[in-house]
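Reading through the structure tokens given below for one structure.
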Amino acid sequence: SPRVMPKLQRLNLCNSWGCLTDSGARLISEGCSALRNLDAGNSCCLSDVAFTYFSNCPRLENLYVNQCFRLTDVGVDTLLSKCKKLAVLHIPECRKVTHKSFLQSERLRLTNIDVRDTGISPETLGTVVDNCYTLKKMWCSQLSADDLRDLPTRCPSLTEL
């Protein structure tokens, strides 16, 4: 397929209010080979299929989506396994995403994650933290007192919580 915008590095669709669909994600992945930063805002129409398309963006460093009610661990796992440069992943209110997306420690180089109001429970947040050892910033709504006590050891680079 032709590269529609081969030099586009930053795409901001944060005010599209659900207009980005899986087929739109396909067009982005096929047409924007230099894409580094994608802000898809309120992305309630996206599913695992969209994240499979986004995983074909080899330069993707920052991905911001929220309210992807159809997104599961399958889509996030695919993205994390293929996007080796991904440093920022914001997936708040993607309630079907659990700690299972973050189990492959050798591939995660995330420095910034937002997992507020996801399927990650206080009991499983430690798995995420342990497998994202480069974290500098983390937003979550699942912290327990034990997590707060253990975070300095688990995430020595953490600067914002």
Side-chain angles (χ1 to χ4, degrees), residues 1-121 124-142:
S1 71
R3 298 290 179 191
V4 178
M5 293 180 274
K7 294 184 180 183
L8 186 71
Q9 293 184 20
R10 183 177 299 267
L11 181 58
N12 187 338
L13 301 170
C14 69
N15 291 320
S16 64
W17 292 103
C19 293
L20 181 60
T21 62
D22 291 343
S23 59
R26 180 181 57 81
L27 293 174
I28 290 169
S29 73
E30 291 174 355
C32 305
S33 58
L35 191 64
R36 293 177 188 268
N37 187 327
L38 175 58
D39 186 341
N42 296 311
S43 311
C44 59
C45 296
L46 297 181
S47 72
D48 293 333
V49 172
F51 273 60
T52 300
Y53 290 131
F54 293 150
S55 73
N56 294 321
C57 298
R59 297 181 177 149
L60 192 63
E61 297 172 2
N62 305 297
L63 179 61
Y64 303 89
V65 297
N66 65 359
Q67 297 180 349
C68 294
F69 302 122
R70 300 180 325 157
L71 178 65
T72 71
D73 292 326
V74 172
V76 176
D77 185 63
T78 301
L79 182 80
L80 292 174
S81 66
K82 292 180 77 177
C83 291
K84 303 296 184 187
K85 295 184 178 189
L86 193 68
V88 176
L89 179 63
H90 284 217
I91 52 171
E93 299 181 66
C94 298
R95 292 186 173 96
K96 292 182 181 177
V97 175
T98 72
H99 69 287
K100 294 175 185 172
S101 297
F102 299 88
L103 292 177
Q104 299 294 329
S105 60
E106 69 275 6
R107 68 179 184 214
L108 299 182
R109 299 287 182 259
L110 297 173
T111 59
N112 183 326
I113 61 172
D114 185 344
V115 292
R116 289 175 291 171
D117 299 319
T118 62
I120 298 170
S121 68
T124 59
L125 183 64
T127 302
V128 176
V129 170
D130 289 343
N131 290 303
C132 298
Y133 59 92
T134 55
L135 276 181
K136 294 180 180 175
K137 297 180 181 183
M138 179 173 64
W139 290 270
C140 62
S141 53
Q142 303 89 337

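We use all heavy atoms of the structure for the numbers below, so side chains are in, but hydrogens, waters and symmetry mates are not.
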task = Starting from the C-alpha separation in whole Å, work towards a yes-or-no answer on side-chain hydrogen bond (donor to acceptor under 3.5 Å, both in side chains) for His90 and Asn62.
result = CA-CA 8 Å; His90 284 217; Asn62 305 297; over 6 Å; no

request  = Apply side-chain contact (heavy atoms from CB on, under 4.5 Å) to the pair Phe69 and Lys96, showing each step before the final yes or no.
outcome  = CA-CA 7 Å; Phe69 302 122; Lys96 292 182 181 177; over 6 Å; no

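Side chain of Lys84 to backbone of Ser81: a donor-acceptor contact under 3.5 angstrom is found.
For the pairing with Cys140, the side chain to side chain contact (heavy atoms under 4.5 Å, CB included) check across Asp114, Ile120, Leu125, Asp117 returns one residue only, Leu125. Of the candidates Asp22, Thr52, Thr72, Ser47 forms a side chain to side chain donor-acceptor pair (under 3.5 Å) with just one, namely Asp22.
In this structure, Val74 and Thr78 approach most closely via the heavy-atom pair O-OG1, 2.9 Å. The nearest pair of heavy atoms linking Val76 to Leu89 is CG1-CD2, 4.2 Å. What you find for Val65 and Pro92 is that their closest heavy atoms are O-CD, 3.3 Å. Considering every non-hydrogen atom in both Phe54 and Cys83, the closest pair reads O-SG, 3.7 Å. Across Leu46 and Leu20, no two heavy atoms sit closer than the pair CD2-O, 3.5 Å. Pairing each heavy atom of Asp73 with each of Ser101, the nearest pair is OD1-OG, 2.7 Å.
In this structure, the side chains of Thr124 and Thr98 stay at 4.5 Å or more apart for every pair of heavy atoms.
Rounding to the nearest 0.5 angstrom, the gap separating the CD atom in Glu93 from the SG atom in Cys68 is 10.0 Å.
Note on Glu61 versus Lys85: no salt bridge recorded, every NZ/NE/NH1/NH2 to OD/OE distance being 4.0 Å or above.
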